[in-house]
Engineer: 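The following block contains the structure, expressed as structure tokens.
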Amino acid sequence: MTFIKESAGNASSNRLSESVGAHVLYVVAVAAFAAAIPPQAYGAVGAGAVGTIGFLALWRYGWGFLHFIRALVFRKRAFPRMRKAADAAVEQAPPNAFLLVTTFRIDSAVTARVYRAVFAAALAAPGRATVVASVVEAGDQRLVKSLFRAVCGEASNVDLVMVRIAGTGKRDALAYGFRAIARRTPADDDVVAVIDGDSIVPPDLVRKCAGFFQLDPQVGALTTDELSEVRGRRIFQEWYSLRFAQRHTLMSSVGLSQRVLTLTGRMAMFRASIICNPEFIRQVELDYVDHWRLGRFKFLTGDDKSSWFWLLRNGYKMLYVPDIVVLTVEDPPSDSFISAAAMLMVRWFGNMLRTNSRALALGPRRIGLFTWWAILDQRMSMWTSLVGFAIALLAGIFVSGYALLLYALWILTSRYVLTLSLLASRPRVSVFYPFLLYFNQIFGSLVKVHVTFRLDRQKWTRQKTASAKATKRPLIASSFMSAYMHSLALAAFVTVLAWSMDVLPTPKPMLFLP
């Protein structure tokens, strides 16, 4: 045992040494690159380009700095008080808990790990616990029952409810599970944890989360921090690690306003009275949007956005619990990093954009100014994040080739500073983060813009589920209009930037005389 601990410690020390060495090499390389740029390059870029980038940089980095400060205030000042009160509340009146797990097309090794963790959390719950397993295949049903007997035994304080459904999607699986819970008539203060089939929860999940619902009747749901176990190449591991580190900062920031921007489908806990509400169940099961051009279309993915919007519209608080970590097992949908990132981003950003407009329509008075502005920023950032890249290209073509070198130096420096800021969220940051941050910014923004004009196109990578409109009949007219409006918006975006840089002559207003 001592040998194992020493070996683990030595391995950790070696990884730390490699990480420090890589960071030193990165800083030296950037410094050498800056020294190699000739002095005349710094004055070669026009004032218009510098002014436009400077204004937007002040806005974007100011907004990011605000999130950073709010995250620290939440984790260091606000949340510790909440944690102390929640722990006391759950000890005084332990609630009953329901743990709903949805499983479909996940390999048996992961399924076994997930349910072992769920049963362990149920056993450690302060009150009585019921595990509701929503499965499709008979093999999963047999596996879950055998794990229940092995972990919980027959004389435990845990019940198991099996729900078999057809493989028609996660929304149906959740709706059937919600109705199964409602039939057991839980008390209003009981809690329901909705857990994805590839998410491994900690044993103290219920004990550490249930108390927040007892502190305030307006608390409708909460979500927690996440870490990933990625079964793929190193680039995927670093990418997911970066994503969850950024998520931790953002969720901590909006957690200060007690309204998170998403209730992740990996693990979110709800007040039982909400889960049993027929309107809430219908929202999750049969959500749709009416679009001015695309008409009405149902949501296939994004069940977490549907539940989030229902709570937001009905005035509930949604909390973030940063000291509880859920481990998610990630299987990239493709061996190609670019292809996998594109597929995942289309799903993630599509879910966000399909709900964004109706959340904005609720208004700042109803949901709070900071929450409303953060939702608005999701829509604006896809364009503002492309400004620097577009201006650098225009300046490199029309002003001076040095513009591209200066832009590269700015990216290498600024993204490294952002990487170091993530040390407030994670004990380790990778030297790959600056490059992945920039990839997420540019590639992610391009995907968001693409999806904005094609909100009706949906696909769930695991279930291979595509939108009905895309599979039943080719909508040539709709696809043409989407491509036309997308191209028109990009052309207008580049034209405005070119005018701001004085690359194109500003059009003079036409005077019509009688």
Side-chain angles (χ1 to χ4, degrees), residues 15-16 18-30 33 57 60-61 63-65 67-68 71 225-253 262 264 266 327-349 352 377-378 381-382 384-390 392 404 407-451 461:
R15 286 194 298 270
L16 181 61
E18 292 174 2
S19 177
V20 171
H23 282 274
V24 171
L25 183 61
Y26 181 94
V27 172
V28 170
V30 173
F33 178 58
R60 298 306 313 163
Y61 287 102
W63 179 240
F65 183 70
H67 276 306
F68 178 77
D225 190 13
E226 293 181 16
L227 292 177
S228 60
E229 179 185 304
V230 184
R231 302 193 293 187
R233 293 186 292 125
R234 172 75 180 275
I235 186 66
F236 287 110
Q237 296 170 12
E238 301 291 3
W239 188 56
Y240 275 100
S241 176
L242 169 63
R243 177 172 174 263
F244 285 125
Q246 290 181 293
R247 175 187 180 274
H248 189 50
T249 298
L250 177 62
M251 296 289 271
S252 296
S253 172
T262 184
T264 175
R266 298 307 181 89
L327 179 67
T328 66
V329 180
E330 306 288 350
D331 283 303
S334 171
D335 291 334
S336 167
F337 175 68
I338 300 297
S339 177
M343 286 189 279
L344 291 170
M345 285 181 175
V346 166
R347 179 161 59 87
W348 295 337
F349 299 150
M352 179 266 289
D377 182 72
Q378 291 179 332
S381 63
M382 70 177 107
T384 57
S385 296
L386 292 172
V387 169
F389 173 73
L404 296 175
Y407 180 66
L409 178 61
W410 167 252
I411 292 301
L412 290 171
T413 304
S414 60
R415 297 314 178 271
Y416 188 66
V417 173
L418 292 177
T419 294
L420 295 180
S421 73
L422 293 174
L423 286 170
S425 296
R426 294 291 187 258
R428 168 193 171 273
V429 293
S430 170
V431 76
F432 292 106
Y433 282 6
F435 306 100
L436 292 173
L437 280 167
Y438 188 65
F439 170 79
N440 286 345
Q441 175 188 331
I442 302 303
F443 190 75
S445 294
L446 291 173
V447 171
K448 286 179 185 176
V449 173
H450 175 85
V451 171
T461 52

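This is a predicted model, so every value here is computed, not measured. In what follows, every heavy atom counts, from backbone to side chain, and hydrogens, waters and symmetry copies are set aside.
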Engineer: Taking salt bridge (Lys or Arg N to Asp or Glu O under 4.0 Å) as the cut-off, I'd like each qualifying pair that reaches into residues 432-442, sequence neighbours left out, listed once.
Structural biologist: none

Engineer: Going by heavy atoms in the side chains, are Phe443 and Met345 under 4.5 Å from each other?
Structural biologist: yes

Engineer: Sequence neighbours excluded, which residues qualify as side-chain hydrogen bond (donor to acceptor under 3.5 Å, both in side chains) partners of Arg231?
Structural biologist: Asp107, Asp331

Engineer: Just checking Phe389: does its CZ atom have more than 12 heavy atoms from other residues, nucleotides or ligands closer to it than 6.0 angstrom?
Structural biologist: no

Engineer: Would Tyr240 and Thr328 satisfy side chain to side chain contact (heavy atoms under 4.5 Å, CB included), going step by step from the backbone distance to the final call?
Structural biologist: CA-CA 10 Å; Tyr240 275 100; Thr328 66; over 6 Å; no

Engineer: Tell me, please, which residues at least two apart from Tyr61 pass ring-ring contact (aromatic ring centres under 6.0 Å, His included).
Structural biologist: Trp410

Engineer: Could you pull out all residues at least two apart from Gln237 that satisfy side-chain hydrogen bond (donor to acceptor under 3.5 Å, both in side chains)?
Structural biologist: none

Engineer: Please report the closest heavy-atom contact between Ser381 and Arg60, naming both atoms and the distance.
Structural biologist: CB-NH2, 3.6 Å

Engineer: I need the minimum non-hydrogen distance between Gly444 and Phe349, along with the two atoms involved.
Structural biologist: O-CE1, 3.6 Å

Engineer: Measuring from atom CG of Leu437 to atom OH of Tyr416, what distance do you get when rounded to the nearest 0.5 angstrom?
Structural biologist: 12.5 Å

Engineer: How far does CE of Met352 sit from NZ of Lys448, to the nearest 0.5 angstrom?
Structural biologist: 4.5 Å

Engineer: Look up atom CG in Leu422 and atom CZ in Arg428, then write down how far apart they are to the nearest 0.5 Å.
Structural biologist: 12.0 Å

Engineer: Do any N or O atoms from the side chain of Tyr26 and from the backbone of Phe432 form a donor-acceptor pair under 3.5 angstrom?
Structural biologist: no

Engineer: Under 30°, 30 to 60°, or over 60°: which ring-plane class applies to His67 and Trp63, parallel, tilted or perpendicular?
Structural biologist: perpendicular

Engineer: Report, one line per pair, each donor and acceptor closer than 3.5 Å where one atom sits in a side chain of residues 332-342; sequence neighbours left out.
Structural biologist:
from, atom 1, to, atom 2, distance (Å)
Ser334, OG, Ser336, N, 3.2
Ser336, OG, Ser339, N, 3.4

Engineer: What closest approach, in Å, do Ala245 and Arg426 show between heavy atoms, and which atom pair accounts for it?
Structural biologist: CB-CG, 3.7 Å

Engineer: Identify the two heavy atoms, one from Leu344 and one from Trp239, that lie closest to each other, and give their separation to 0.1 Å.
Structural biologist: CD1-CZ3, 3.8 Å

Engineer: Where do Ser228 and Phe244 come nearest, in terms of heavy atoms and distance?
Structural biologist: CB-CE1, 3.2 Å

Engineer: Are Arg247 and Glu226 ion-paired here, with the side-chain N under 4.0 Å from a carboxylate O?
Structural biologist: yes

Engineer: Looking at every heavy atom in both Phe68 and Thr249, which two are closest together, and how far apart are they?
Structural biologist: CA-CG2, 4.4 Å

Engineer: Roughly how far, to the nearest 0.5 Å, is the CD1 atom of Ile411 from the CD atom of Gln441?
Structural biologist: 6.0 Å

Engineer: Within this structure, what is the CG-CZ distance for the pair Asn440 and Phe435, rounded to the nearest 0.5 Å?
Structural biologist: 13.5 Å

Engineer: Between CG of Leu420 and NE2 of His23, what distance do you get to the nearest 0.5 Å?
Structural biologist: 7.0 Å

Engineer: For residues Asp225 and Met251, determine if any side-chain heavy atom of one lies less than 4.5 Å from a side-chain heavy atom of the other.
Structural biologist: no

Engineer: How would you list, by chain and number, every residue that makes a side-chain hydrogen bond (donor to acceptor under 3.5 Å, both in side chains) with Ser241, sequence neighbours excluded?
Structural biologist: Tyr433

Engineer: So, applying side-chain contact (heavy atoms from CB on, under 4.5 Å) with Val429, which one of Leu418, Leu242, Thr419 is it?
Structural biologist: Thr419

